[in-house]
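None of these values were measured; they are calculated from a predicted model. Basis for what follows: all heavy atoms, side chains included, without hydrogens, waters or symmetry-related copies.
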Amino acid sequence: MTLELIIFIASIFFGALIYWRESHGNRLYRFFNKIMYAKALQMKPEDKTGFVYRQKFIIRLVFIGFLFLIGIVITRFLIPIDITTISMFASMIVGTLAGTYLANFIFKSSEVIDEKADSFEDIVHDTIEKGKDLIEDIKTKQADEIETSEMPKTSPKTEEKSARERLKDKGLL
């Protein structure tokens with residue numbers, strides 16, 4: 001179980017590395033594209049699609065699965081020890097897929113932050129100003145409430161009879 005967890009974490013980093021590498025250049029994918037397709041069907045020079053970069057989930061899964069299958073076959077011929085199990089194979093694939101999506105999230109969020117850095121500064125400044133206005137409003141409301149509570153309520157009292165006099169009027173006293 002520990003070996004599988006270590007392999008899973010390592011494959012997450014491996015997936016992020018693959019994604020990052022393909023985001024900067026996709027020469028290997030272009031090479032296979034030129035071999036497989038006719039001239040009219042080949043990818044355009046400005047297309048940055050790679051094996052995992054800008055691909056759908058199923059295509060990423062297929063490419064990563066084939067990558068690990070080829071790696072396992074080569075490893076089996078070089079080292080005749082049966083170390084690769086199905087659970088390790090599955091954890092490698094799932095970890096690599098998770099790493100590619102994690103790298104995609106990090107790249108997209110950094111692009112958005114770089115793109116909107118000035119507007120974030122304006123939003124933060126506006127929020128601080130609104131907060132200051134809100135605090136001033138609260139202070140003035142509290143000051144008004146304190147002034148009204150400190151002012152003695154001197155409403156003219158009407159001449160009422162005392163309790164003793166009311167009891168005398170009723171004949172109880």
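Interatomic distance, OG of Ser23 versus CD1 of Ile18, reported as 12.0 Å (0.5 Å rounding). Within the model, atoms CE of Met36 and CD of Gln42 stand 12.0 Å from one another, a figure rounded to the nearest 0.5 Å. Between the NZ atom of Lys168 and the NZ atom of Lys161 there is a distance of 11.5 Å, given to the nearest 0.5 Å. A distance of 5.5 Å separates CZ of Arg21 from CZ of Arg27, quoted to the nearest 0.5 Å. To the nearest 0.5 Å, atom CD1 of residue Ile7 and atom CE of residue Met88 are 3.0 Å apart.
Side-chain polar atoms of Glu4 and Ser91 form no donor-acceptor pair below 3.5 angstrom.
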* May I have the step-by-step check of side chain to side chain contact (heavy atoms under 4.5 Å, CB included) for Trp20 and Phe107, ending in yes or no? => CA-CA 9 Å; Trp20 175 77; Phe107 288 152; 3.2 Å; yes
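Hydrophobic clustering, with ILVMFWY side chains joined whenever heavy atoms are under 4.5 angstrom apart, groups Phe89 together with Phe14. Put simply, Met43 and Leu28 are part of the same group of oily side chains (I, L, V, M, F, W, Y) that touch within less than 4.5 Å, one to the next. Under the 4.5 Å side-chain heavy-atom criterion for ILVMFWY residues, no single connected hydrophobic cluster contains both Ile93 and Leu5. Under the 4.5 Å side-chain contact rule for hydrophobic residues, Leu97 and Met92 share a cluster.
Between Ser11 and Gly95 the shortest heavy-atom distance is OG-CA, 3.2 Å. When all heavy atoms of Thr127 and Ile123 are compared, the pair lying nearest together is OG1-O, 2.7 Å. Scanning all heavy atoms of the two residues, the minimum distance from Lys44 to Arg30 falls at O-NH1, 3.2 Å.
Heavy atoms of other residues, nucleotides or ligands lying less than 6.0 angstrom from NE2 of His125 number 12 at most.
Residue Val73 shares its hydrophobic cluster (ILVMFWY side chains chained together at separations under 4.5 Å) with Phe77.
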Would you be so kind as to tabulate the donor-acceptor pairs closer than 3.5 Å made by side chains of residues 48-72, with sequence neighbours excluded?
residue: Thr49; atom: OG1; partner: Asp47; partner atom: OD1; Å: 2.8
residue: Gln55; atom: NE2; partner: Tyr29; partner atom: OH; Å: 3.2
residue: Gln55; atom: NE2; partner: Gly50; partner atom: O; Å: 2.8
residue: Arg60; atom: NE; partner: Val52; partner atom: O; Å: 2.8
residue: Arg60; atom: NE; partner: Gln55; partner atom: O; Å: 3.3
residue: Arg60; atom: NH1; partner: Thr100; partner atom: OG1; Å: 3.3
residue: Arg60; atom: NH2; partner: Val52; partner atom: O; Å: 3.1

